[in-house]
Amino acid sequence: MRIIAVVNNKGGVGKTTTSRFLAEYFSIVKNERVLALDMDPQANFSNRYLKMEIDPYQQEGRIPPIHSNYDPSSPEDKDWDGRSSIAGIFFGEMVFPYATYIPTLEISPSHSSKLLLAEAVTREEVVQKVYDQLSKFLALDDVKDSYDKIIIDTPPSKGPVTISVVRAATDILIPSIMEPQPMEGIYGMIHLWKSETLRRPKNNPLNLLGVLPNSFDRRGIIHKDHYDSLKNEMPDYVLESKIGRRLIYAEADAEGAAPPSIFMYPEKNIARQEILIACQEIHERMNAHVNQETF
Amino acid sequence: MSTKKRFSIAPDLASGIRNTIQSASTNQGQLHYDMMSLDAIQPDPENPRKLSISHNEMVHGLLPTDPDYQKKIKERDALNELSESIKRIGIRNAIEVYKDGLKYRIVTGERRYWAAMLAGQKSVPVRISPKPEEFNLRYTQWVENINRQDLSLAEKLNNLILISEAHKSSNRGEFSEQALQNLLGISTIQAYRYFALLNADDKVIQLVNLGKINNLKLAQELCAMKDQGARNQVISWIRSSKDEVTSLVSFKESAGKKAASSTLSAGRSISLGKINNAQVAKKLFEIVLSDIKLDKYRHEFKNIDWSSSKAITKAFKSLFKSIELALSVEDPV
Ligand SMILES: Nc1ncnc2c1ncn2[C@@H]1O[C@H](COP(=O)(O)OP(=O)(O)OP(=O)(O)O)[C@@H](O)[C@H]1O
Ligand SMILES: [Mg+2]
């Protein structure tokens, strides 16, 4: 089982968009069993696959819908309110993934207020617990036996929740726009990768898949120059593929978009081809690291 | 010609990225840092620098009637100081540990461990290494210990004994004076003295362990004394002294007899006159140095600038020192 974390502490660079592409690539194109995890209180990733509800106690917040397996009349479910999110791992709750419109894709969605609470912990012992919680969950036999890939979308921060994701991951991917501000986000993430790399034993490395250029403008020079400049500093860790800025990606992001996935567009579609190539390169880079988790 | 503006990453950001990538790739799997609960960590019972104060005493206070009261007070104050700094800024250097059964054992950082406990910390930063080979473990502890001023001669000796034993049982060749010198990066004289102490008889070792001798030079002089009668006298005098003995001068005074070696009493020395011709000085130097007893010091006088009177004078001074040392060892009475 491989655990791919999509990270960048700068907002709006394409983390959620990339997470979707990866989740759909592995489930639709590769027909693998995928679990999507949304660790961002904004719940954008969850919204693409579930009808998230407004938190009655917090207008901005989102909570998962009632689970289809929930049966209020069954004594088994009497201690459950019928909603389950990945944030539950920080509060000792059971996690029940939800089915999606894609048969081999399941998602464990966000829960805004719970994730914000986990992100805000400050007491040293509690912080340490948060750091380790996701690794513990993903190490459960039940989880390992049920999925081939775990795709994790993260919040635009370097807080405890993001660190718990980095600790649990086998691979990390950094989507970024090739502009000065997001470049700093790349630096922040590489730092995080380095600390985690130094923390880990040899037989369990954290593979840095690299930086994926997003919203790339091929006509201007600013993106190209920043791309070349970055490639110069970290040649092994900048992807060849680039995702262009296209309305269709924003549209596919909209609720009720038809078709719902980029991989359901006609094969000739240029955008679909571009995403397929990027996902294939990421997949190859994953295979280049023979990870003990694969066996 | 193009005047188009070009863009690139800010230079400091670029070098930051490059350095971070490099450091991560070179250290991957080498250093294994983590936060670890204090419960999972155990001090090494064989670390030569054992604290005399117990955990219980740290927490519940010391008894003024304790014979080691002064020493323990000092230790406790030093630990409290460290613990205060840990409360304020945390532990800056990770404690080095290795896995030993169910627990992790400390390689270096025992004081940080105790201070963290005093500071009420639940977990500390650790660097997890594979179990070090016995010799390297002892050597690392020596390096850490030797940088501490308050280490007693007994503690140093015990560390050295462990080092020499580990050295012998690890096929590293003969544990010689030269090996000791290279290993610890100390001077020939220091190595010579430590080596003498390592081979000392039980009587001397006992005085060191009792804290009556805390001075390496003195311990070595005692080892080198050939006259058994005089030696026994000195030993029983030291054993009966109330405090630590720092030199034999006071023995000579208290005994009111001939000094145990032919050095002049403190403050007096003989002038050896002046030479105007550098060639004569050189000849004289060579003759003296050819004495077999000075064999082991010969390499120290290889690069003398015979055109500089300053350098020659300096060389003679250190030659005399070596002679004194060589003779005090060979011929104490
Ligand atoms: N290549 C692209 N072309 C056009 N629009 C894009 C592209 N990539 C992302 N977008 C749009 O930009 C917005 C931000 O993207 P996305 O939500 O993926 O970023 P993010 O990094 O997850 O943001 P946040 O940090 O807030 O979670 C979204 O509305 C998305 O549809
Ligand atoms: Mg997002």
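Quick note on labels: first sequence line is chain A, next is B, and so on, each numbered from 1.
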Please classify the contact of [X] with chain B as side chain, backbone, both or neither, using a heavy-atom distance under 4.5 Å.
{"X": "A/Y227", "answer": "neither"}
{"X": "A/E196", "answer": "neither"}
{"X": "A/L208", "answer": "side chain"}

More than 12 heavy atoms of other residues, nucleotides or ligands under 6.0 Å from [atom1] of [X]: yes or no?
{"X": "A/I222", "atom1": "CD1", "answer": "yes"}
{"X": "A/D142", "atom1": "CG", "answer": "no"}
{"X": "A/R218", "atom1": "CZ", "answer": "yes"}
{"X": "B/L102", "atom1": "CG", "answer": "no"}
{"X": "B/E81", "atom1": "CD", "answer": "no"}
{"X": "A/K231", "atom1": "NZ", "answer": "yes"}

If you measure from [atom1] on [X] to [atom2] on [Y], what distance do you get to the nearest 0.5 Å?
{"X": "B/T20", "Y": "A/M189", "atom1": "OG1", "atom2": "CE", "result": "12.5 Å"}
{"X": "B/R18", "Y": "A/L230", "atom1": "CZ", "atom2": "CG", "result": "11.5 Å"}
{"X": "A/H223", "Y": "B/F7", "atom1": "NE2", "atom2": "CZ", "result": "9.5 Å"}
{"X": "A/R199", "Y": "B/D34", "atom1": "CZ", "atom2": "CG", "result": "4.5 Å"}

Any side-chain heavy-atom pair of B/I21 and A/E233 under 4.5 Å: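 Not touching, per the 4.5 Å side-chain cut-off.
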
Side chain proximity check, A/H226 to B/S8, heavy atoms < 4.5 angstrom: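 In short, these two side chains do not touch, never coming nearer than 4.5 Å.
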
When B/S23, B/S37, B/S123 are compared by non-hydrogen pairs under 4.5 Å with chain A, the top option: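 Top count of heavy-atom pairs under 4.5 Å with chain A: B/S23.
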
Side chain A/S229, main chain B/I9, donor-acceptor under 3.5 Å: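 Flag set: sc A/S229 to bb B/I9 pair under 3.5 Å.
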
Minimal non-hydrogen separation, A/W193 against B/A24, with atom names: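 Smallest heavy-atom distance, with atoms named: CZ3-CB, 3.5 Å.
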
